[in-house]
Amino acid sequence: MEFEREVLRLARLLYPGDPSGGATKIDGQERDGIFVTEDLVVAIEATTSPRKDKAEKDGKKLKALASQLATQYPFKAIKCFFVTQEEPTADQRDAIKRLGTPLAAVGFDDLRSRLIDVRSYLSARGDHEFGSARDPETDDKRVTDKYVELDFVDSASKATIGVSDLYRMMQDGRQVVLIGDYGTGKSMTLREIYLRFRKDYFNKVTTKFALHLNLNDHQGQSDPSEALIRHANLIGFSQPHQLVRAWKSGEAHIILDGFDEIFGSGGAGRPIAEVREKSVELVRTFSRKTPREAGLLIAGREHFFDSTQELRRALGLRPEVTIASASEFTEDQVRAYLQQRNWLKELPSWLPRRPLIVGYLAGHRLFDLVDDIGSVDSGEGWHRLIQAVCAREARIEAGLNEDAIRSMLEKLATLARKTSSGLGPLQFEDLITAFRDLRGYLPDEGAYGVLQRLPGLRVSDGRTNSRSFVDDDFVDAARAGDIYNFILNPYQPNFGDAFTGAQTLLGEVGLAVLGYRVNGASLSEGAITTSLTKAQSIARTEIVQADILRLILSQGMSPQRAITINDQHIPSLRVTDGADCSSVEFSNCIIEVLDLSGLEYAGDIPRFTECIIERIDGIAALDELTTERIVASEIGDFSESSETMAAILKLDLPDRKRVALTLLRKIFVQSGHSRKESGLYRGSLEGQNLRSFVPAVLDELRSMDVIRKTRRRDTTLWEPNRVLYSRVKRILENPTTSVDPIISRF
C-alpha cells in the first residue's frame with residue numbers, strides 16, 4: 001500500500017492536469033491508477049512482487065484496460081505501465097513484452113527518472129565547483145582531501161551541531177542557515193552534505209537528492225525557476241525543466257552557498273540594508289516557496305547582515321529556522337586533518353584553526369616554515385611566515401626575489417581593500433598592473449609564472465582567472481606592508497591613489513604586524529606621528545590615517561595635531577596609557593571593540609560623536625567614563641560588566657577558583673589582545689579582598705601555558721594562548737561543573 005501511494009504521488013507529478021487521477025474501479029475491478037491529461041491517458045499497476053505470474057496477471061488487466069480506454073478516448077494516446085519496486089526481472093519484462101503495446105514494464109527508479117533523471121544530474125554536478133571548496137594542494141575544484149567534520153553552534157540554544165545533525169534536519173524538511181567567517185569550512189560542509197545525499201540516493205537509502213547551487217553564479221536573478229535553469233546549463237545537465245519540477249514537487253532538497261556573494265544594484269541614497277535585502281531576493285524566494293517536505297540549507301558570511309533579525313527578515317526564514325555559526329577547527333580536528341598529511345607537530349598558538357588556512361599551509365607543505373616560530377606573538381609570527389613563504393617562492397623561481405614577491409603581495413592586499421570581502425576577487429590584470437607599477441616593466445615569462453602562483457592567493461573563478469586571498473588573517477598581515485612603508489617614507493608621490501575606494505581597515509593581525517615591524521625598525525615616536533600628520537595632508541588617505549592613529553594610540557603615543565576620523569567601520573580600537581587623546585575624535589564611526597584595558601583612567605579616551613560602539617573592553621560600566629567624551633553615541637555592552645563579574649564572584653567556589661575564573665574572563669574574553677597586568681587587579685576584585693590571590697593564580701595559569709607574560713615599554717602584559725580559546729569558553733560557560741584541568745586544579 002505504501003509503495004502504491006508513492007507511485008501514485010509520482011504519477012500525479014508526471015501527469016498533472018487530472019485532479020481526479022488515481023486509484024479507481026472500472027467494471028468492478030480496482031485499478032491502481034488512471035490519469036487523463038489533455039492528449040494522453042496513462043494506466044498504472046504497481047507491485048512489490050518479483051514473480052512472473054504477477055506480471056502476467058496484471059499485464060492482462062492492463063491490456064484489457066488499454067482497449068477499453070482507447071474506445072473511451074479515441075483521440076488520446078494510451079500508455080500502460082507495470083511498475084515494480086525494484087528493476088523488473090527478465091521474466092517479468094518478457095511477460096509484459098509478449099502482451100504488446102502500449103504496455104511497458106518499468107522499475108520505480110525508471111519511472112522517477114521521467115520526473116528528473118537524478119543520476120544524470122548527480123553525474124553532471126560532480127564536475128562543477130562547490131562554492132569556495134578547493135583542493136588545498138592543487139587549488140582544483142576537484143577536492144581530494146578527506147573531510148574533517150566541523151562543529152557548529154546553534155545561535156539560540158548554544159548547542160553543538162554536527163554534520164550528521166545538519167543532514168537529519170535537511171531530511172526532516174527543516175530550514176538551516178550556516179554563518180561564519182571566510183575560510184571556516186562552510187563550503188566544504190555543504191559539499192559534504194550534498195555528497196551524503198548523493199551516496200544515500202545511490203544506495204537507495206532515500207529517494208530524494210540535493211540540488212546544490214553556488215549563488216555567485218546567479219547574479220541578478222530573483223526567480224528560483226530561472227536560477228535552476230541557469231544552474232542546469234552551467235553544469236551541463238540537458239533537462240533544465242526537470243530541476244524546476246523536482247524543486248516544486250519537493251523531490252529535491254535545496255543547498256544554497258554564498259548569500260553574501262550576490263549583489264543587488266544599489267541606488268544613490270538607498271540604505272545599505274535595503275540594498276542587502278534586494279540582493280538576496282533569490283534566496284528569500286527559495287525560502288518561501290520550497291515545499292515543507294524538502295530541506296533548505298543556506299550559507300554565507302557571518303557579518304553580512306547587521307543582526308540576526310535582519311538575516312531572518314531578508315532571507316524570509318521560518319520562525320523555527322536553525323541558525324548555526326561555524327567555528328574553527330578544534331585541536332583534535334586539526335590533529336586529525338594533519339595526520340592525513342603525516343604532520344605530527346603542534347601548530348603555533350597565533351595561527352588560526354580555520355580549515356581553509358590550515359588546508360592551504362598543509363597542501364602547499366608550508367608547515368616546516370612555521371615550525372620554528374611557534375612561541376612568538378601574532379605580529380612577529382605572521383610577519384615571519386609571510387617572509388618565509390615569499391623566500392621559498394623566490395627559491396623556486398628566480399624571476400623575482402623574496403622582497404619583490406612580498407611587495408607584490410602587499411600591493412595586492414591594499415587593492416583587495418576595495419572589495420566588500422577584503423579578500424578579492426582580483427582580476428589577473430590587476431596582478432600584472434601591480435607588477436608593472438612596482439618594477440617599471442611588464443613581467444617576462446619567469447615573472448609571469450610567479451604571478452600565477454603567488455603565495456597566499458587562490459583561484460577565485462577559473463573562468464576569469466581571478467584570484468582571492470586565502471585567509472582574512474593572511475591578507476590582513478599583508479595589508480600592513482603599504483602602511484609600514486608609508487611610515488618609513490611618508491613623502492611617496494601619488495600615495496593616495498592606491499587607497500581610492502578602500503573599504504577595509506587593518507584588523508588585529510594587521511595592527512600586530514605593523515606594530516612589530518615599526519618597533520623592529522626602532523622608529524622614534526616623532527617619526528611615526530609625523531607620518532600621520534603627513535597623511536592628513538594627502539587626499540583619499542582616510543583609511544591610512546585611521547590605521548596609523550590606531551597604531552599610535554595602541555602604543556601609548558599622541559598625534560602631533562588634532563585629527564577626526566569620519567565614517568569608518570573600525571574592527572578594534574585600543575587606547576593605552578601615555579596617549580593624549582584630547583585632540584582625537586571619532587565621528588559617525590562603527591567600532592566593533594573599544595579596548596580600554598590598557599588605561600589607568602577610563603576618562604583618558606578620545607571623543608566619540610554619533611558613533612556605534614558594539615563592545616567596550618576593560619571597564620565595567622558607562623558611568624566610569626567621562627561623559628563629555630561620548631556624545632550621542634550608542635554602546636552595545638561591556639565585556640567586564642559588573643553583573644558578569646559579580647556573578648562569578650558570587651559562585652560557591654574556593655577563592656582561588658573564583659579569581660582564576662575572573663582572570664580567564666579578563667584575558668580571554670578579548671580575542672587576540674594582551675592585558676595590562678595592573679588592569680587585572682582592578683574592578684570587582686578590589687572590593688572582594690581577593691587581590692592577594694592574583695599573583696599566584698597568574699603564575700599557575702602561566703605554568704600550564706594557558707597565558708603568557710610579555711613586556712612592552714616597561715609594562716607587564718598577559719596574553720591568552722589562542723589554542724585554548726574554545727576550552728576556556730566552555731569553562732566560563734560551565735564554571736561550577738567544568739572538570740577541565742585548567743580550572744579543576746584551583
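Please read all numbers here as calculations on a predicted model, not as lab measurements. Only heavy atoms go into these numbers, but all of them, side chains included; no hydrogens, no water, no symmetry mates.
- A side-chain donor-acceptor contact under 3.5 Å links His569 and Glu592.
- Between the side chain of Thr541 and the backbone N or O of Ala535 there is at least one donor-acceptor pair closer than 3.5 Å.
- Looking only at side-chain heavy atoms (C-beta outward), Leu573 and Val593 stay at 4.5 Å or farther from each other.
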Does Gln175 form a side-chain hydrogen bond (donor to acceptor under 3.5 Å, both in side chains) with Ser287? I'd like the steps, not just the answer.
CA-CA 8 Å; Gln175 288 185 342; Ser287 177; 3.1 Å; yes
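- Although no hydrogens or angles enter the test, the distance criterion places a donor-acceptor pair under 3.5 Å between the side chain of Gln492 and the main chain of Asn485.
- In this structure a side-chain-to-backbone donor-acceptor pair under 3.5 Å is missing from Asp473 to Leu351.
- Using a 4.5 Å heavy-atom threshold, the side chains of Leu511 and Val509 count as separate.
- The shortest non-hydrogen separation linking Leu178 to Lys186 is O-CD, 4.1 Å.
- Rounding to the nearest 0.5 Å places CG of Asn233 at 11.0 Å from CG of Leu228.
- Counting only heavy atoms from C-beta outward, the side chains of Arg288 and Arg284 approach each other to under 4.5 Å.
- What you find for Asn566 and Cys589 is that their closest heavy atoms are C-SG, 4.1 Å.
- A ring-centre distance under 6.0 Å is found for Tyr121 and His231.
- With no hydrogens or angles considered, a side-chain donor-acceptor pair links Arg406 and Gln387 at under 3.5 Å.
- Counting heavy atoms from C-beta on, the side chains of Pro571 and Leu505 come closer than 4.5 Å.
- Ile235 places none of its side-chain heavy atoms less than 4.5 Å from the side chain of Asp127.
- Here Gln427 pairs with Glu429, Asp430, Thr464, Ser466 under the side chain to side chain contact (heavy atoms under 4.5 Å, CB included) rule; sequence neighbours left out.
- The aromatic rings of Trp247 and Phe286 sit perpendicular to each other, their planes meeting at more than 60°, with 30° as the lower class boundary.
- A heavy-atom distance below 4.5 Å is not found between the side chains of Leu551 and Asp547.
- Cation-pi geometry between Arg540 and Phe495 is not satisfied (NZ or CZ under 6.0 Å from the ring centre, within 45° of the ring normal).
- Residues satisfying the ring-ring contact (aromatic ring centres under 6.0 Å, His included) test with His383, not counting sequence neighbours, are Tyr516.
- In this pair, Tyr441 and Phe435 present their aromatic rings perpendicular. The plane angle is above 60°, beyond the 30 to 60° band.
- Taking the six-membered ring for Trp and thresholds of 30 and 60 degrees, Phe197 and His253 have ring planes inclined between 30 and 60 degrees apart.
- Partner of Thr414 under the side-chain contact (heavy atoms from CB on, under 4.5 Å) criterion, out of Asp482, Ile483, Ile543: Asp482 alone.
- Nearest heavy-atom pair across Arg517 and Gly481 is NH1-CA, 3.8 Å.
- For His212 and Arg125, the side-chain atoms include at least one donor-acceptor pair closer than 3.5 Å.
- One N or O on the side chain of Asn401 and one on the backbone of Ala404 form a donor-acceptor pair closer than 3.5 Å.
- When each of Val280, Ile179, Leu311 is checked for a side-chain contact (heavy atoms from CB on, under 4.5 Å) with Phe304, only Val280 meets the rule.
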